[in-house]
**Student:** 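This structure is in structure tokens; I'll ask about it shortly.
Since we're looking at a predicted model, the values are computed, not measured. In what follows, chains are A, B, ... by sequence order, proteins preceding strands, each numbered from 1.
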Amino acid sequence: MITAGCDVGSLTAKVVILADGAIAGRSVVRCGTSPERSAVEAMDAALGRAGLAIERLDRTVGTGYGRARIPFAQAIESEIACHARGVLWKAPAARTVIDIGGQDAKAIRMNADGRVIQYSYNDKCASGTGRFLEVIAEALEVPLEELGDLAARSTERLTLSNQCVIFAETEIISLVNEGRETADIVNALHHAVARRAASLARGIGVEEAVVMSGGVARNRGMFAALGAALGCSLLEIEDPQINGALGAALIAMDALMGAVEG
Amino acid sequence: MIVGGCDVGSLTSKAVLMSEGKVLGFSLIKSRTKPEESAEEAMNGACTAAGIDRGEVRFCVGTGYGRDRIGFVDATVSEIACHGKGARWMVPSARTVIDIGGQDCKAIKLDAAGAVVKFVTNDKCASGTGRFLEVMARLLGLGLDELGELSMRAKNPVTLANACTVWAQADVIQFLNDGVPIEDIAAGINNAMAGRMAVLVNNLGVENDVCMTGGVAKNRGVLAAIETILGLRLRAIRRCDPQLAGALGAALIAHEKAAGGVK
Amino acid sequence: MRRALKEYHFDWMLHSTYDAASRLMAGTEKEYAHALRYIPYFSGMLDAVFGIGEPGRYFIKTCAEYLKNIVTARERGRKVAITSFCFSPVIFYAMDITPICLEVMTVFLTFTYRRGSAEFLDFCNEAGFTETSCSSQRGSLGAYLAGIGVDIDMVVTDTPGVCDTNANAFAFAAEWLDRPFFQLDMPPLLKGERYDRYHRDDYRALVAFLEEQTGTRLEAARLAEVLRELQKQDELIGELEEMGRIVPSPLPPAFTLLNYAARFLFAGMKPCTDMLQSMLTMARRNAERGVSGLAGGVERVRGFFCYIDHYTYNMRMWRMSEELGISLQGNILSRNWSIDAPHVKENHMEESAYSIDLTSLDSMIDSVAIMNSRMPMIKSIRGPFDAPDMWLEDTLSLARMYSADFVVYSGTPGCRNTWGMLKPFARETEKAGFPTHIMYSDAFDDRVQSWEATRARFEEFLKVRRILA
Amino acid sequence: MSVRLMRAVETLNNEFVQRWKEEGKKIVGYTCSYAPDEIFHAAGILPYRIRGHGADETTIGDTYFGPFICSLPKCMLQLAGTGAFGFLDGVVIVPGCDSMRRLDDCWRKAGEDIAGVVPQFFFHFAVPHKFAAYTVDWFEGEIRRLIEAVERHFDVRITEERLRDSIELYNRGRSLLEELERMRRLPAPPFTGAEALSVVIAGSAIPRDAYNELLEEFIAVHRAVPRGIEGRRRLMLVGSASDDTAFVRLIEGERALVVADNLCFGARFHNDRVDEGGRDPVRALAERYLRRSDCPRMYGDYRRRLEILVDTIRSASVDGVILQNIRFCDLHGAENGLFERDLEALGVPCMRIEREYGPLVETGRLKMRLDAFLERIDGQGRTA
């Protein structure tokens, strides 16, 4: 049985191909303005890695912001369900999932069967998103991927109070103007985003083990800051960026198996 | 007598050199992380453009976020006064100035003599800033000027969440995904921006003539939308790039200060 | 506010629209379609309301008449008062004062204007009013501040102690328009001699204020007449509320809206009784046939709103409910706290309810005072959310009684009052077994969150929480 | 500036609080200036005004409060949730506004998650929104309910005699603060607005008898100052609760002086007296605390508040007024709009600012606007 999950987010599109319960191919591509094209591009890349033709896929599930526009998906699922499903597969002990996505952050609480008990999105106007990190990285002229390493070199604790992305950018510029170290600013940024995500999770109740899902989890500084904000250690999963797509592929698999069983 | 104005903003930095009421040269650069470096680069650029030596500048006024970090200026003045002054030079009949900068926007009311009578700035939310348009344009894969051009062709502009830039983005993505024509989204973006500006201007109490400065003044869509909402025509700026208003005003104030003796 | 908008008189515009609509029902299908070409945006709302049959037509007629009263108040020598939705209008009718309920006018706006209330909202900010305040008053208030509505004689509100944003909007309006202002103030608790006395003292001060403004005395006979009609209405509402318990519910989702109209526009007036009567007839017919009040006839799930419904724009919320097969079991604000109301009896909440005593002018004023203190929001959303008689208790008892499958919060970001306690509140409703969805949208302002996004999030909730597979 | 006063502003658990606790005495915190200090003092309890000072994040605040809520109660909850108010034996929530009112709900709920952050004595104290004979009656009843609750919980007696003594002591303090206010308005004030605000705030966290002594000392020292501060623009600060002296320092900079304010942490806190001659001290307290309706929470009383402002502007020779409000503060957000309209019409330059409560960061934007405002007052840019 071969299934695929396609997660078209606001910044990147991801595809995971599952063949008989193992990841056969994966891809991450940067989104253009057309979700269709991004989806196709990501799918082609993943198929290429898996050495498969699209006809071989038994079922594909789409998710993410652009889910309704994925041309080859047979079904669509919410990101909430996909992230929960993906995490459960990789870390069965997980009960709380935090995903800091491009446009929004989500906290999900689930039971042992992977059923979503409660979830919440970031509050309106909040800055705890991946987009926030991106804007600031740009303002600081630091590549997004390097934020984590940079924060590790921080020596002084700074506080960022602005919740608005744009005004936080101004706040950061004034910190730069004051001659603050970039490492300290980045560290403060991570903690600011982490604190917002932690409040979000606390609102629905945090149950361990906690897993951070989504691309931002690859940022070591962010990962550590979230643990600190929650006051517990996070369970690490491999390749968190493709977790949503993986969840979608798993849900596709579940559906086929359910159909067989039924 | 050659005087200079240097406007170090968070996104762009500008320098203008003037002599006897004429612009000798200017430069407009993307700001660097350190304002002193931005100022140096901008001023050197302006000198090169004017073909003069830095030493020839008799008096220089600094303005913008980084104004206190510019080493070479003789005095600093707030952006509000500089934009008012600069706009006045561009449009001598101006009584209301709308300036949309990268990180904030302002509406300034001038008296007959050109002094600032009152001003309002947007400190509530960044959705009424130039940065908002920039983020949106990139999301649509457009240049800032294209955003303006395209929006003029809209048939059914969308209504956009104007409360927050991030959330407006989420809406834009949703619209893109729903297959809404890009010009309708572009128009929605410009309308949201114009709507926020209009509230600011009306709160100040609009008085003719009205002109608009700052980078966004180059966006035809926003201009048109503001004109529609305010129900008046904006005076066109032709004498120089509207984005230079702050630096220009600083240079004009430098001239006054130098002529009147340093206060 | 654009100049073009200022060229039209706001209340007349609404009045002509609803008046024309109310005439449409007499014509043929073809005439209806033809007439709607001239008010295309309004058609979504009209289709939905006329779609529910006779009660919908009564509703439009009631709205038209309410608006007509407003635009003709001056020529009829009536004083005009701006007031709030949670303020019982009976006292105005008994004293020949024409009320303008700001929140209802805002709802009318969102139903009628394509751009909704946006420019009116913005005008308030241009006038110096804070942009973070509630959109429900700001929407139509903008028109009165801009001077394109009828001339106002006084401002009367009853939200101090309950909702700052609301009370503050009325205080601002009074000052800005330079008109006499009266507030009924609400203590944080509801029951007990000390609270009753305060409610009564305060209401007597209101009556004195209204007498001073109108230069006439409140007459016992007039008040009795209005209250008798109100008693009839309370009975009808009670029966409708009882029928809402049936599974499937015979009540169409839009009945919530009609119910509002009954309480907030025309309480104690004849047209409102007719509308309620017609609603009941229809509900009974559905119940007899065992069908749901939903257009499709099939109820898939039942939802209870813990605050208000989502108005913005064009009845989309109700239309979506029809599509998805969701019976809306009303909300906290659509509840009537008459002593005979089914939920009052069921939960033994007599002390938190009101009864009408027609014995004397004094007894009637006392009755109205207590009734007013039991108006929607005024009753349930004053003290701490988990105190007796307050938001949580009311929500849970009603959600249980009406067999709701889930609870939804919809409001406005301007609602400091509910957003201040919403997270702990939702935690409690979840604990009680009700999946709870929080909408981040604004019921009156599309610009806060687009309807598309609001709907997508809501459907996601129904799916992820496995309410609607 | 007295070091002891200064420390009481900067430290929540200040030396006076510590000593008070060491003596085994009780402290009750309250959230708004409508709570009558005298009641607690008469019970031998230290009344302590709860602030949000020092909270540099609001993770706990945001867990319970929604997003569209004033940052002041969020900061208060943040501190409470981290145990910073562990020295309080009781808390009185005064529903000054909706956001503050919900501190009741949120604080109690935080107590379910974080052990020990809700003191046993937790009291919701209501204040009517208008002044009339029957509202004073009701408020008097509410004060009596508070007295009874305090007596029962802390096993104390609030006698009429002790209450009269407390009223006298606090009135004495009010007179001293009035003197401070008068000195502030001199043509050359001997201290800055930031200092003046510090002195007033300190009073909300120090036992009143000790505070009165410190105040007398402060006044005496500054009376002796040969030359006050001259040559600055004179500003008045109006609006939402602010106990941030750094904010005032930023406003003052080198060119301005805040010579008057209308803030509930400032001058609003101490104007007016409690009647000492009346028959019933509780009635006198009800009258004073309700009548002194300088907060826009008292709806329909705008004209009176405008008069207070105009009087102050005249007597303090104010050059410009800064109307600030915390984001989501509906009350001041609306009233500032009216003040701006009416004061500008009288020729008083005004500037509105919206801000967040909390650590003063990103001062660049604010500084630019303050500079522009001073330039406007100076009439700079006017070409002859």
Side-chain angles (χ1 to χ4, degrees), chain C residues 124-125 127-134 155 157 159-172 174-176 180-183 185-189 194-195 197-198 201-202 204-205 382-387 412-425 427-428 438 440, chain D residues 62-70 73 93 95-106 108-110 112 124-130 132-135 137-138 141-142 145 296-303 306 325 327-341 352 354:
Chain C
C124 291
N125 307 337
F129 192 52
T130 168
E131 73 159 3
T132 57
S133 79
C134 181
V155 177
T157 186
T159 45
V162 176
C163 173
D164 280 347
T165 25
N166 184 306
N168 194 44
F170 286 92
F172 181 89
E175 187 49 50
W176 213 84
F181 171 73
F182 190 90
Q183 55 172 330
D185 178 40
M186 301 292 159
L189 294 177
R194 197 171 151 240
Y195 298 93
R197 197 172 59 235
Y198 191 58
D201 284 347
D202 210 15
R204 283 198 155 64
R382 47 169 87 181
F385 77 92
D386 51 354
T412 83
C415 191
R416 227 63 64 221
N417 200 8
T418 52
W419 277 107
M421 56 185 173
L422 185 55
K423 289 180 183 178
F425 171 88
R427 207 196 265 196
E428 297 297 319
I438 298 176
Y440 279 85
Chain D
D62 287 326
T63 302
Y64 303 94
F65 279 111
F68 316 112
I69 299 296
C70 169
I93 303 289
C97 63
D98 281 349
S99 292
M100 201 53 92
R101 179 155 62 125
R102 296 296 166 216
L103 183 58
D104 178 301
D105 311 60
C106 292
R108 284 186 296 106
K109 289 294 152 185
E112 291 177 7
H124 192 100
F125 179 70
V127 184
H129 289 80
K130 60 180 168 181
Y134 65 92
T135 66
D137 287 348
W138 194 89
E142 189 70 357
R145 193 172 71 88
R297 77 179 295 283
M298 305 301 277
Y299 305 109
D301 207 13
Y302 168 78
R303 285 282 140 196
L306 177 65
N325 69 275
R327 182 149 176 84
F328 301 119
C329 178
D330 304 308
L331 302 175
H332 287 286
E335 186 142 294
N336 283 347
L338 294 169
F339 280 148
E340 184 180 38
R341 176 191 73 169
R352 287 179 76 175
E354 193 174 77

**Student:** Would D:K109 and C:F425 count as a cation-pi pair here, with the cationic atom under 6.0 angstrom from the ring centre and within 45° of the axis?
**Tutor:** no
**Student:** Contact part of C:C163 toward chain D, heavy-atom cut-off under 4.5 Å: side chain, backbone, both or neither?
**Tutor:** both
**Student:** A cation-pi test, strictly: NZ or CZ of C:R197 under 6.0 Å from the centre of the six-membered ring of D:W138 and no more than 45 degrees from its axis. Yes or no?
**Tutor:** no
**Student:** Heavy-atom cut-off 4.5 Å, strictly under: side chain, backbone, both or neither for C:N125 against chain D?
**Tutor:** neither
**Student:** For the candidates C:N417, C:T165, C:D201, which exhibits the highest count of non-hydrogen atom pairs separated by less than 4.5 Å from chain D?
**Tutor:** C:N417
**Student:** Counting heavy-atom pairs under 4.5 Å with chain C, which one of D:E142, D:E112, D:E340 comes out on top?
**Tutor:** D:E142
**Student:** Evaluate the ring planes of D:F68 and C:W419, with Trp represented by its six-membered ring, and classify them as parallel (under 30°), tilted (30 to 60°) or perpendicular (over 60°).
**Tutor:** perpendicular
**Student:** With a 4.5 angstrom heavy-atom cut-off, is it the side chain or the backbone of C:V162 that approaches chain D, or both, or neither?
**Tutor:** backbone
**Student:** With chain D as the partner, which of C:D164, C:L189, C:D185, C:T132 has the greatest number of non-hydrogen pairs under 4.5 Å?
**Tutor:** C:D164
**Student:** Please identify, among D:N336, D:N325, D:T135, the residue contributing the most non-hydrogen atom pairs under 4.5 Å to chain C.
**Tutor:** D:T135
**Student:** Relative to chain C, which segment of D:E335 carries a heavy atom at a distance below 4.5 Å: side chain, backbone, both, or neither?
**Tutor:** neither
**Student:** Indicate the atoms forming the closest heavy-atom contact of C:G128 with D:R352, along with that distance.
**Tutor:** O-NH1, 3.2 Å
**Student:** So, for D:Y64 and C:P424, which heavy atoms are closest and what is the spacing to 0.1 Å?
**Tutor:** O-CD, 3.2 Å
**Student:** Let's test your reading of the structure: which of C:W176, C:F182, C:F129, C:Y195 forms the most heavy-atom pairs below 4.5 Å with chain D?
**Tutor:** C:W176
**Student:** By a 4.5 Å heavy-atom criterion (distance strictly below it), what part of C:F170 contacts chain D: side chain, backbone, both, or neither?
**Tutor:** neither
**Student:** Contact part of C:A167 toward chain D, heavy-atom cut-off under 4.5 Å: side chain, backbone, both or neither?
**Tutor:** both
**Student:** Relative to chain C, which segment of D:R297 carries a heavy atom at a distance below 4.5 Å: side chain, backbone, both, or neither?
**Tutor:** neither
**Student:** Heavy-atom pairs under 4.5 Å with chain C: which of D:P128, D:C106, D:A126, D:G300 has the most?
**Tutor:** D:P128
**Student:** Rounded to the nearest 0.5 Å, how far apart are CG of D:D104 and CZ of C:F385?
**Tutor:** 9.5 Å
**Student:** Return the minimal non-hydrogen interatomic distance between D:G141 and C:R194, and the atom names on each side.
**Tutor:** C-NH2, 3.4 Å
**Student:** With a 4.5 Å cut-off on side-chain heavy atoms, are D:K130 and C:P160 touching?
**Tutor:** no
**Student:** Looking at C:Q183 and D:Y299, would you say the former's side chain and the latter's main chain have a donor-acceptor pair under 3.5 Å?
**Tutor:** yes
**Student:** Do any N or O atoms from the side chain of D:R102 and from the backbone of C:R416 form a donor-acceptor pair under 3.5 angstrom?
**Tutor:** no
**Student:** Using every non-hydrogen atom in the two residues, find where C:K423 and D:D62 come nearest and quote the distance to one decimal.
**Tutor:** NZ-O, 2.6 Å
**Student:** With only heavy atoms counted, which part of D:P95 is less than 4.5 Å from chain C, the side chain, the backbone, both or neither?
**Tutor:** neither
**Student:** Checking the side chain of D:R101 only, and the main-chain atoms of C:G161 only, is there a donor and an acceptor separated by less than 3.5 Å?
**Tutor:** yes
**Student:** Write down the atom of D:A334, the atom of C:N168, and the distance for their closest heavy-atom approach.
**Tutor:** CB-ND2, 3.3 Å
